[in-house]
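Quick note on labels: first sequence line is chain A, next is B, and so on, each numbered from 1.
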Protein chains: 2
Amino acid sequence: MELIARFLMTTLKDIGIELGLSPATVSRALNGFPEVSAKTRDRVQEAAARLGYRANRSAQRLVSGRSGIVGMIVKTGSDLRADQTFMEVLVGMSAALAARDADLVLAVDQGRDPVAAYRRMLERDMLDGFIVNAPVMDDPRINFLRDEGIPFVVHGRDRPSPDYPFYTIDNFAVAAESVQLLAALGHKRIAYLNGPELYSHAVRRRAGYLDTMAKLGLPVAEGALTHNEPSEAAGYRQAVTLLAGQRGERPTAFICSSMLLADGVMRAIKDQKLSVPGDVSVMAHDDDLPFLRAMSFTPALTVTRAPLRDACSPLANDLMDLIGGADPFHLQTLTNAELIVRDSTGPAPQNGETPWPWTPPNR
Amino acid sequence: MELIARFLMTTLKDIGIELGLSPATVSRALNGFPEVSAKTRDRVQEAAARLGYRANRSAQRLVSGRSGIVGMIVKTGSDLRADQTFMEVLVGMSAALAARDADLVLAVDQGRDPVAAYRRMLERDMLDGFIVNAPVMDDPRINFLRDEGIPFVVHGRDRPSPDYPFYTIDNFAVAAESVQLLAALGHKRIAYLNGPELYSHAVRRRAGYLDTMAKLGLPVAEGALTHNEPSEAAGYRQAVTLLAGQRGERPTAFICSSMLLADGVMRAIKDQKLSVPGDVSVMAHDDDLPFLRAMSFTPALTVTRAPLRDACSPLANDLMDLIGGADPFHLQTLTNAELIVRDSTGPAPQNGETPWPWTPPNR
DNA sequence: AAAACTTTTCAAAACGTTTTAAATTTATTT
DNA sequence: AAATAAATTTAAAACGTTTTGAAAAGTTTT
């Protein structure tokens, strides 16, 4: 009411009256239809700008039969870092969707049933589609949305060759390239601090790590590959354990699935009076979150880097295109993280020549 | 398109046909207007339930002239904890607004000008109102929205007697009560680790601390009151400095403006081989965020507690009422935090009898 | 039993846009 | 210059709801 009164909304009819045209023509002119003459289009656009015309979304949505609203579910009670990455994606998606005249609304998933929140959201409002993030393997949310025929895009990928739109980095390669870099530097005992086992990205990184180690003929000691909450504390704890050599020779290199883990690993290494990269090399995967910069580590951290926010525009566009009827198979993106070598990686130390004795990889 | 087809939206007309009534009557029956007979209302409600009727939001919004959408601005590049509290409020507000048939959309404020984001959002879409959180003193966003006559509610308060709707805890009392509790336990050297100076809640807590200390005749040593980013690291750093006694006798008690600060303080105390509460008492203000529970500190933390999410429903309702034309002065809530005494506070130690020598409070 | 109310229902308009089908204008061909 | 084709514009309907003003049905009063 306030707003309406204040901005005195100009309508298509107003422009039509101003120019002696019908609302239909004005609509077509503004929406770039081909059957309107060039001079008419110019006049309309000038008048629209002059009168400060903004299309009424509610009217557009009423006639289009779409709500213009897409949903995203927050997994509540989740850990610190997950919230952080969620926040990053959320904000990025909001902005990207706004550019497509869509709004993003949230729902909270607080229960056991991972699709309950989706169901509730569909009941409560008419949503045009969903964004699914941080998928687990064979994700029940994805299965639900697929079965129901509801448009959705996934940030990530829960199976090898999906039939739905997705955007993800090649997580196998993320791990593989890290291992290859360190191996090229002569490292033989490379530990991998992975993310929580349930996430599909962690599963793929594990595969990338194990495969590449195997391909290089490097044994993986028991306990050298672990799954961890993405927290500084977890990184610290894990690194302390590994550095103590309780599980054979200590690693000469650490690969961390997140910056927070790397932060903890660095602290543990410093506490042991070891040097980076002299005694131990460290690298991490960097989502490029604003509050934990790889550059501000000392030494600056070698990373595989893939800004989370890079995914937002493609995902938003894909979702809107999908809702518009595009072929899901044309809305699939697999990108590669960028390998950025900085100062936290160096040649393996003298005592690092011997690989671990062979033990079967866990799992 | 998909969704529409799938759920085969039933309309008011459908119900009307089913029952031999006009859409007008059906609308009234469903919206609880008085001039519809009891039996008709029952029949309509039964049919609506049976046919799974859900009002089309776009149509409602078109006729009401409101968008049903309210905005909230994310301050990006902000620190870890701020994002966490923002997330909590965001999710809570989303849910609470959904209950009032409104949606919450986000915009990112990444620039210098704190009102640019608001202006941009108003241009881009017709919003019914705004939620402003974490106000600074004499907040420019609030002044902007006030001047423009745009409905908004504030989580917090940027001046003593606002003429806008707000929901806040009494932050003066939060600090005052903490001081009083510790003073009652015999503490005389009480340090206060406050939040960033720019936030109005920090300003009020500072006043509460300083006033109460003065009232009790307790001098405040220089450096005993500090403003900090809400992070574990900041708490640790500050506590180490204070415990080293570089600024006179070390404090026998710490009050922390956030749980993260308290976390760092506890670590610093343990690193110094001091005990809580034997040597030092610690308390904090607890927003009741899901990932940092006061109960899981060892010892369990004494706090002033005020769950952030308690603010969400009132704020959502106030905003929708305001948009509906309610009097802003009836939409103001000032609540009190709950004082929960646990195991991190105890009697002042022997060496704690003497207050600090008087120094003028900083600022 | 007619008149005067009261209660309940309805038809129609409105909100602002898009879209269909028809009508007009303009350009091209004969 | 007429006939035809093409380009441009328009009137009207549609989307689903709320609301206004009028009409119908039901009650009470005379």
Side-chain angles (χ1 to χ4, degrees), chain A residues 1 3-5 7-45 47-48 51-69 101-102 125-126 128 324-325, chain B residues 1 3-5 7-45 47-48 51-69 101 125-126 128 324:
Chain A
M1 219 55 176
L3 279 183
I4 306 303
F7 293 144
L8 228 58
M9 152 140 42
T10 53
T11 72
L12 285 182
K13 198 180 352 175
D14 295 334
I15 299 181
I17 291 170
E18 174 89 4
L19 264 46
L21 290 171
S22 74
T25 305
V26 177
S27 170
R28 280 194 253 263
L30 290 172
N31 292 330
F33 280 55
E35 68 267 54
V36 54
S37 74
K39 71 200 70 158
T40 308
R41 164 161 300 126
D42 289 349
R43 290 203 309 146
V44 167
Q45 281 170 343
L51 301 177
Y53 172 78
R54 319 235 93 233
N56 181 318
R57 292 267 195 97
S58 301
Q60 288 181 316
R61 289 168 176 181
L62 177 58
V63 62
S64 77
R66 301 216 185 91
S67 69
I69 300 178
D101 281 339
D125 198 341
M126 191 71 85
D128 292 342
Chain B
M1 220 55 176
L3 279 183
I4 307 302
F7 292 144
L8 229 59
M9 153 142 40
T10 53
T11 70
L12 286 183
K13 197 178 356 172
D14 295 334
I15 299 181
I17 291 170
E18 175 89 2
L19 264 46
L21 290 172
S22 75
T25 306
V26 178
S27 171
R28 279 193 255 264
L30 257 27
N31 292 329
F33 279 56
E35 68 268 55
V36 53
S37 74
K39 70 200 72 157
T40 307
R41 163 160 301 128
D42 288 348
R43 290 204 309 148
V44 168
Q45 280 170 345
L51 300 176
Y53 171 78
R54 322 233 94 235
N56 181 318
R57 292 267 194 97
S58 301
Q60 288 180 315
R61 288 167 177 179
L62 177 58
V63 61
S64 76
R66 294 211 257 270
S67 70
I69 300 177
D101 281 340
D125 198 340
M126 191 73 84
D128 291 343

Side-chain polar contacts of residues 19-27 of chain B - donor-acceptor pairs under 3.5 angstrom, sequence neighbours left out - could you list them?
| residue | atom | partner | partner atom | Å |
| --- | --- | --- | --- | --- |
| Ser22(B) | OG | Ala24(B) | N | 3.4 |
| Ser22(B) | OG | Thr25(B) | N | 3.3 |
| Ser22(B) | OG | Thr25(B) | OG1 | 3.2 |

Indicate for each nucleotide in nucleotides 14-25 of chain C, in 5' to 3' sequence, whether protein heavy atoms under 4.0 Å reach the base (B), only the sugar-phosphate (S), or nothing (-).
-> -BBBBBBB----
Take atom CZ of Arg41(B) and atom C1' of dT7(C), then tell me their distance rounded to the nearest Å.
-> 13 Å
Determine to 10° how strongly the helix from dA1(C)-dT30(D) to dT30(C)-dA1(D) is bent, judged from the axes of its five-pair ends.
->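 For the helix from dA1(C)-dT30(D) to dT30(C)-dA1(D), the axes at opposite ends meet at about 50°.
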Please report the closest heavy-atom contact between Arg66(B) and Ser58(A), naming both atoms and the distance.
-> O-OG, 4.0 Å
Just by distance, do the side chain of Thr40(A) and the backbone of Val36(A) share a donor-acceptor pair under 3.5 Å?
-> no
So which pairs with a foot in residues 17-26 of chain B pass salt bridge (charged side-chain N to carboxylate O under 4.0 Å, His left out), sequence neighbours left out?
-> Glu18(B)-Arg50(B)
Write out all pairs satisfying salt bridge (charged side-chain N to carboxylate O under 4.0 Å, His left out) with one or both partners inside residues 24-36 of chain A, taking only residues at least two apart or from two chains.
-> none
Hey, are the side chains of Asp14(B) and Tyr53(B) touching, using non-hydrogen atoms and a 4.5 Å cut-off?
-> no
Any side-chain heavy-atom pair of Leu12(B) and Asn56(B) under 4.5 Å = no
Mind checking Gly16(B) for me? I need base, sugar-phosphate or nothing, with any heavy atom below 4.0 Å counting as a touch.
-> nothing
Does the pair Val44(A) and Arg41(A) meet the rule for a side-chain contact (heavy atoms from CB on, under 4.5 Å), with working shown?
-> CA-CA 5 Å; Val44(A) 167; Arg41(A) 164 161 300 126; 5.8 Å; no
